[in-house]
Amino acid sequence: MPESSFSHGEAIISARALDTASTGPAGVELSTLVSEACGATSLSTGIARFKPGSFLPYHAHTFSEAVTVIEGRARILIEGRVYHLEQYDCMHVPAGLAHQVENDGSDDELVAHWAFATSRPTRELIHQTFPIHDRRTANPTETDPETIVRYENDAIYQLSPDAYFLDLFARRFGAVGICGGYGQFLPGASLPCHIHDFDESITIITGTAVCLVQGKSYRLSGCDTAFIPKGVPHRFLNLSNEEMSIIWVYASSEPDRRIVTSEFCSGELPLPGAVLFKQ
């Protein structure tokens, strides 16, 4: 697969071809997947890798951030409030909150997916200490600005046959300008052809996905990511004999999609105009 591939505005980003940058103490690598570099507006996504014992020191953003654990365990400090996250747990950090992310395992690498409500990722280091309140696996209280959605405890819904989704961050969880979640596709499962009124980033976490965009077919795996601009018809399919899973992020505070006829994704019809047809 090419490092990046463009057609009608979509971009396919190969995770294996990404440049990485070490930030903070040794052992932390940050990679950007989707940003203004591939044409995105109002969102960016990427992968953070933490070797055992490493951490990203206290910092803050001027926009919402969501951190989802892909592999390993995370210890996240929010102004001294300490939370422990397992695989597919997600922490939403509102704008302006100082937070620190650590590898909570002694031997395993921590791999996390990050999403920002901006197309230009930035961080401001915070040189301040906070009293520690270790909450272990407890969730934030109603008065805390941060939120956690835990994979083992929250409702998973079936979006289409054998395709199961869990919303991880959205307006109802405190996020501003972005929303996203985890999707699991059993063998043979797919989503119908659809469009959004906002940009989307889709990262393949496990298995192999086929992405159809206006007659073009892409195969993605191993944190490869598709950037789909607003208004572009697309769909994802699992044509393999193994499960496939994704993390999706919208440049919108709540998820929304419009189903269109499958010929828009297969390329038999041109890009839709004002008239959309139900499948």
Side-chain angles (χ1 to χ4, degrees), residues 43 45 64-71 74 83 85-93 112-115 117 137-140 142 146-212 220-221 223 225-226 228 230 232-262 265 276 278-279:
L43 92 159
T45 62
S64 277
E65 178 184 14
V67 179
T68 305
V69 176
I70 298 175
E71 298 176 10
Y83 304 95
L85 277 65
E86 302 287 338
Q87 188 178 40
Y88 305 139
D89 292 346
C90 178
M91 166 74 79
H92 170 254
V93 184
H113 179 280
W114 56 263
T137 57
N139 289 334
E142 291 184 358
E146 68 273 9
T147 56
I148 294 177
V149 171
R150 296 193 184 274
Y151 177 76
E152 291 296 332
N153 298 333
D154 286 277
I156 295 175
Y157 58 92
Q158 188 170 225
L159 187 59
S160 65
D162 290 334
Y164 299 93
F165 276 57
L166 172 65
D167 294 347
L168 295 173
F169 52 99
R171 181 192 298 116
R172 69 201 111 108
F173 305 132
V176 177
I178 53 171
C179 64
Y182 170 83
Q184 181 185 47
F185 294 69
L186 300 183
S190 66
L191 293 183
C193 187
H194 61 281
I195 63 172
H196 309 286
D197 292 330
F198 34 76
D199 290 349
E200 180 182 14
S201 166
I202 310 98
T203 300
I204 309 306
I205 302 304
T206 62
T208 300
V210 172
C211 175
L212 296 183
L220 298 85
S221 63
C223 289
T225 297
I228 309 295
K230 66 179 181 179
V232 174
H234 59 284
R235 65 182 303 195
F236 283 80
L237 308 92
N238 181 5
L239 301 181
S240 74
N241 294 322
E242 300 178 349
E243 292 183 0
M244 179 267 286
S245 63
I246 67 173
I247 290 179
W248 52 270
V249 181
Y250 296 160
S252 171
S253 293
E254 287 290 344
D256 184 48
R257 58 188 64 84
R258 286 189 282 172
I259 307 301
V260 297
T261 184
S262 59
C265 285
L276 302 175
K278 293 284 185 179
Q279 188 176 36

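On a predicted model such as this, the values are computed, not experimentally measured, just so you know. For this chain, numbers begin at 1 and follow the sequence in order.
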Novice: What residues form a salt bridge (Lys or Arg N to Asp or Glu O under 4.0 Å) with Asp256, not counting sequence neighbours?
Specialist: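 Result, salt bridge (Lys or Arg N to Asp or Glu O under 4.0 Å) vs Asp256: none returned.
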Novice: Leu212 versus Val210: any side-chain heavy-atom pair under 4.5 Å?
Specialist: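 Answer yes - side chains close enough.
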Novice: Between atom CD1 of Ile195 and atom NZ of Lys230, what is the distance when rounded to the nearest 0.5 Å?
Specialist: 11.5 Å
Novice: Looking at Thr45, Ile204, Thr68, Ile202, which hits side-chain contact (heavy atoms from CB on, under 4.5 Å) with Ile247?
Specialist: Thr68
Novice: For Cys265, check disulfide bond (SG atoms under 2.5 Å apart) against everything at least two apart and list the hits.
Specialist: Cys193
Novice: Could you grab the distance from atom OG of Ser190 to atom CG of Asp162, nearest 0.5 Å is fine?
Specialist: 9.5 Å
Novice: For Ser221 versus Gly207, what's the shortest heavy-atom pair and its separation?
Specialist: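 Result for this residue pair: CB-O, 3.3 Å.
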Novice: Knowing that exactly one of Tyr164, Phe165, Tyr151 qualifies, which makes a ring-ring contact (aromatic ring centres under 6.0 Å, His included) with Tyr88?
Specialist: Tyr151
Novice: Mind checking the CD1-CG spacing from Ile148 to Asp89? Nearest 0.5 Å is all I need.
Specialist: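 Separation between the atoms: 7.5 Å.
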Novice: Please enumerate all residues that pass side-chain hydrogen bond (donor to acceptor under 3.5 Å, both in side chains) together with Gln87, with sequence neighbours excluded.
Specialist: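 Here no residue qualifies.
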Novice: Give me the atom names and distance for the closest heavy-atom approach of Cys211 to Ala226.
Specialist: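 Scanning both residues completely, I find the closest heavy atoms to be SG-CB, 4.4 Å.
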Novice: Hey, mind stepping through Thr203 and Ile205 against side chain to side chain contact (heavy atoms under 4.5 Å, CB included) and telling me if it holds?
Specialist: CA-CA 6 Å; Thr203 300; Ile205 302 304; 3.9 Å; yes
Novice: My understanding is that only residues two or more places apart in sequence, or in another chain, count here; which of them pass salt bridge (Lys or Arg N to Asp or Glu O under 4.0 Å) with Glu242?
Specialist: none
Novice: Pairs in or reaching into residues 170-197: which pass salt bridge (charged side-chain N to carboxylate O under 4.0 Å, His left out), with residues at least two apart or in two chains?
Specialist: Asp167-Arg172, Arg172-Glu254, Asp197-Arg258
Novice: Say you draw a straight line from SG of Cys223 to CD of Glu71; how long is it, rounded to the nearest 0.5 Å?
Specialist: 7.5 Å
Novice: Which atoms form the tightest heavy-atom contact between Ser253 and Cys179, and what is the distance?
Specialist: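 Taking every non-hydrogen atom into account, O-CB, 3.7 Å.
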Novice: Between Glu200 and Phe198, is a side chain to side chain contact (heavy atoms under 4.5 Å, CB included) present by the stated rule, with each step listed?
Specialist: CA-CA 7 Å; Glu200 180 182 14; Phe198 34 76; 5.7 Å; no
Novice: Does some side-chain heavy atom of Arg257 sit less than 4.5 Å from a side-chain heavy atom of His196?
Specialist: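 Yes, side chains in contact.
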Novice: Does any non-hydrogen side-chain atom of Val93 lie less than 4.5 Å from one of Glu146?
Specialist: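 Not in contact.
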Novice: Between Tyr250 and Trp248, what is the ring plane arrangement, given parallel below 30°, perpendicular above 60°, and tilted in between?
Specialist: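 Plane angle between 30° and 60°, so tilted.
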Novice: Spell out, as yes or no, whether a donor-acceptor pair under 3.5 Å connects the side chain of Thr147 to the backbone of Phe173.
Specialist: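 Side chain of Thr147 to backbone of Phe173, a donor-acceptor pair under 3.5 Å: yes, one is there.
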Novice: To check you understand the geometry: which heavy-atom pair defines the closest contact between Pro192 and Ser160, and what is its length?
Specialist: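 Heavy atoms only, the tightest pair is CD-CB, 4.4 Å.
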Novice: Checking side chain to side chain contact (heavy atoms under 4.5 Å, CB included) for the pair His194/His234: CA distance, chi angles, key distance, verdict?
Specialist: CA-CA 6 Å; His194 61 281; His234 59 284; 3.2 Å; yes
Novice: In this structure, which one of Ile246, Asn238, Leu237, Leu159 forms a side-chain contact (heavy atoms from CB on, under 4.5 Å) with Leu191?
Specialist: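 Testing each of Ile246, Asn238, Leu237, Leu159 against Leu191, the sole residue satisfying side-chain contact (heavy atoms from CB on, under 4.5 Å) is Leu159.
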Novice: What is the minimum heavy-atom distance between Thr225 and Ser201, and which atoms define it?
Specialist: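 In terms of heavy atoms, the two residues are closest at CG2-OG, 3.5 Å.
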Novice: Would you say the side chain of Thr206 lies within less than 4.5 Å of the side chain of Glu243, judging by non-hydrogen atoms?
Specialist: no
Novice: Which atom pair, heavy atoms only, marks the closest approach of Ala112 to Val67?
Specialist: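 For Ala112 versus Val67, the nearest heavy atoms are CB-CG1, 4.0 Å.
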Novice: Not counting sequence neighbours, which residues clear side-chain hydrogen bond (donor to acceptor under 3.5 Å, both in side chains) with Thr137? List them please.
Specialist: none
Novice: Any side-chain heavy atom of Val249 within less than 4.5 Å of one from Phe169?
Specialist: yes
